[in-house]
2 protein chains.
Amino acid sequence: MAVTIKDVAKLADVAPSTVSRVIANSPRISDRTKEAVREAMNELGYHPNFNARSLANQSTKTIGVVMPNSANKTFQNPFFPEVIRGISSRSHQLEYGLYLSTGQTEDEIFEEVQDMVLGKRVDGIILLYSRVNDKVMNYLHQQKFPFTVIGRPYEPSMTDLTYVNNDNFKAAKTVTEYLLLLGHEKIAFIGGNLDFVVTVDHMEGYRKALTNAGIDLRDEYVVFHEELQEGGQEAVIDLMSLAERPTALIVADDIMTFGVMRMLAEMEMSVPDDVSIISFNNVTISELSSPPMTTVDINIFSLGYEAASCLIDLIHKPGIEPKQVLIPHKMIKRQTCQRLTPKLNEKAK
Amino acid sequence: MAVTIKDVAKLADVAPSTVSRVIANSPRISDRTKEAVREAMNELGYHPNFNARSLANQSTKTIGVVMPNSANKTFQNPFFPEVIRGISSRSHQLEYGLYLSTGQTEDEIFEEVQDMVLGKRVDGIILLYSRVNDKVMNYLHQQKFPFTVIGRPYEPSMTDLTYVNNDNFKAAKTVTEYLLLLGHEKIAFIGGNLDFVVTVDHMEGYRKALTNAGIDLRDEYVVFHEELQEGGQEAVIDLMSLAERPTALIVADDIMTFGVMRMLAEMEMSVPDDVSIISFNNVTISELSSPPMTTVDINIFSLGYEAASCLIDLIHKPGIEPKQVLIPHKMIKRQTCQRLTPKLNEKAK
């Protein structure tokens, strides 16, 4: 038969309500009594019901993790498991559990988030993405519900949020400058979905570096696709069909880069001899492309780890100032970039 | 001010206890009363507290998802997001949420699972792996807690479990036979971690095909490594250092195959001219290797989807017969296998 609070109360020689208060870790109970009740619980093998505890504590010790819609295969991007690994690691240290969104459309996800908030299913939420004009972000902001964003809010009215981001503008500017210093001027940019703020920031960094160097941005050198290998492949077809082919490509995501390199191989174009490539993210498998890709390590694990840290802070200290954390990035030079040879420049003309 | 059950009761003109019963969807309340109470809830914008509902229903509408320890990078294998996508899709349809394990060591995970079970934090659990002699599986089995396994239990005493698996024995036997038919006899096997049942099954299929063909299994042709790209690379070094090099490789996992191909490229060995490769899983990016890899599609999404279906069945119908679901696999021929030429056979000698 199941052990009840009454059994524990009897053994510890206290009232059942005292046992409930110990479970809720009420400050009104002395340490000595807590000790005695916990001993009785252990002796009887009593485990408090999680939902009862949550009700009593007004706390679920659970973080909601909201992903972009999982219907498409974006979700297979190793970015997501790695960022969840970071969140998971910090949450575990601070004794929080993770509750995952399962919605497959934006509407389903919005409904789920409402349910998490209004039903007090979680204590706070981490958004794994930041989209321009995002309904979920607007809702959480209005509700003043504790949440953090991986990325940054787009709207100026929302800059008072707590978020964890890379300096994606600077990263894109630097890689463009790097290619310029290697002698490339025909540099194309294959960006992700323009709904995501990271794409906007990448684009601005690319534009800024070109402007500083006095090079006109050519519209035909800028292609946006969802961050999928298919997108990367289509972008290559578009770019390599141009009369003046680019000699270098900046690609928003390592998995896209696999698609880009696959398509270039099919066209019998050699990397980096015919075209240089630089990518973003540095997921584990990025070093396994042939040749291994040069990419920007954005420290995905830390993005998740810090987002969980910030969120749990917000939960524990309501009214705390919003905080913006910038995770450092680092260019990882491998073998897909090289100095533009005059010959190649000629060929591209 | 927050709307309470009392406000709803007043508007619907019923007792507060009736409102609670409607929230718990008690069969004791008439449809007409339920309708009236729900209308009142909508009008007032009342959202029942999730934990109160869980306590009242004795149900959390949540599934626990337990991953192998996330401390190492195995977790970045696109297998995991894809299987979670399958679980997620089915859970969403049946209105279940997902609670994710965060433990990074086996002990931490075991503790978490105990907490999920004893604290009634979830209604059932899906194990995303099946290990030989697994502590968590033994515990759930003893507790008679609803759970399903992706993979199969190893111990004969546990065959009364509900699990969803591929026929990994048959898949490995078939790919070995395929390589034999292409004229290969020096076929090496690069397996995953031997603690996992899938590795045992792969190994048996490989052994069986060789025995049937009257070919001795050579110990030096069998290498086990964790399913990581690093493991794949080391395995290649071991195998290609042998006096009699294999002419074909069976690799347990697509991500390992990326590592294998990367290392072969470094050794300036060409695939499939110098060595044929066949892999398992068919994760999205597997078609992006150069050349694109031949692999076995194990239908990862379906593994997750069916596991969630079976689990929710177990939750809804306690005492139901355990069920074993076999998800069909399919060889996807791409460009890493070719007929052994006499010349290559000579070279390998």
Side-chain angles (χ1 to χ4, degrees), chain A residues 45-55 60 62 65 70-71 73 75-78 80-82 84-85 87-89 91-92 96-104 108 112 114-122 228-229 232-233 255 258-259 261-262 265 283-285 287-292, chain B residues 45 47-55 60 62 65 67 70-71 73 75-78 80-82 84-85 87-89 91-92 96-104 108 112 114-122 228-229 232-233 255 258-259 261-262 265 283-285 287-292:
Chain A
Y46 175 79
H47 201 97
N49 181 300
F50 172 76
N51 300 294
R53 222 176 348 166
S54 293
L55 260 185
T60 62
T62 304
V65 176
S70 65
K73 298 203 167 181
F75 189 54
Q76 279 201 27
N77 195 316
F80 291 106
E82 184 63 358
I84 290 177
R85 200 170 68 90
I87 293 172
S88 189
S89 166
S91 305
H92 193 89
Y96 274 75
L98 297 188
Y99 183 81
L100 216 61
S101 73
T102 59
Q104 300 191 20
E108 283 178 4
E112 263 185 300
Q114 283 184 303
D115 194 54
M116 289 186 203
V117 171
L118 299 173
K120 298 190 172 54
R121 194 164 186 146
V122 300
L228 280 175
Q229 58 275 30
Q233 296 190 65
I255 301 302
F258 273 98
M261 290 176 73
R262 172 80 209 102
V283 296
T284 317
I285 54 165
E287 58 182 316
L288 299 180
S289 61
S290 304
Chain B
H47 200 98
N49 181 299
F50 173 77
N51 301 293
R53 223 176 347 165
S54 292
L55 260 184
T60 62
T62 304
V65 175
M67 287 175 292
S70 64
K73 298 204 166 180
F75 189 53
Q76 280 202 26
N77 195 316
F80 291 106
E82 184 62 359
I84 289 175
R85 200 171 69 90
I87 293 171
S88 189
S89 166
S91 304
H92 194 88
Y96 274 75
L98 297 187
Y99 184 82
L100 216 62
S101 73
T102 58
Q104 300 192 22
E108 282 178 4
E112 262 185 300
Q114 283 184 303
D115 194 53
M116 289 186 202
V117 171
L118 299 174
K120 297 190 173 52
R121 193 162 189 149
V122 299
L228 279 176
Q229 58 275 32
Q233 296 191 64
I255 301 301
F258 273 98
M261 291 175 72
R262 172 81 210 100
V283 295
T284 318
I285 54 164
E287 58 183 317
L288 299 179
S289 61
S290 304

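Proteins get letters first, then strands, A, B, ... in listed order; numbering begins at 1 in each.
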Colleague: Can you name the residues that form a side-chain contact (heavy atoms from CB on, under 4.5 Å) with B/S289, not counting sequence neighbours?
Modeller: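 Counting only residues at least two positions away or on another chain, B/S289 forms a side-chain contact (heavy atoms from CB on, under 4.5 Å) with B/F258, B/M261, B/M293.
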Colleague: Quick one: OG1 on B/T62 to CG on A/L100, what's the gap to the nearest 0.5 Å?
Modeller: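 One finds 11.5 Å between OG1 of B/T62 and CG of A/L100.
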Colleague: Using the test side-chain hydrogen bond (donor to acceptor under 3.5 Å, both in side chains), find all partners of B/S91 that sit at least two apart in sequence or belong to another chain.
Modeller: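 B/S91 satisfies side-chain hydrogen bond (donor to acceptor under 3.5 Å, both in side chains) with no residue once adjacent residues are dropped.
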Colleague: Please give me the minimum heavy-atom distance between A/A265 and B/S290, naming the atom from each residue.
Modeller: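 Minimum heavy-atom separation between A/A265 and B/S290: CB-OG, 4.4 Å.
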Colleague: Would you indicate whether the side-chain heavy atoms of B/Y96 and A/T102 approach each other to under 4.5 Å?
Modeller: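 No - every pair of side-chain heavy atoms lies 4.5 Å or more apart.
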Colleague: Quick check on A/S101 against chain B: is it the side chain, the backbone, both or neither that has a heavy atom closer than 4.5 Å?
Modeller: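 Backbone of A/S101 only, per the 4.5 Å heavy-atom cut-off to chain B.
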Colleague: How close do A/L288 and B/Q233 get, counting heavy atoms only, and between which atoms?
Modeller: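 For A/L288 versus B/Q233, the nearest heavy atoms are CD2-NE2, 3.6 Å.
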Colleague: Would you name the heavy atoms of B/R121 and A/T60 that are closest together and state the gap between them?
Modeller: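 Heavy atoms only, the tightest pair is NH2-O, 3.4 Å.
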Colleague: Under 4.5 Å between any side-chain heavy atoms of A/H92 and B/E112, yes or no?
Modeller: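 In short, these two side chains touch, coming nearer than 4.5 Å.
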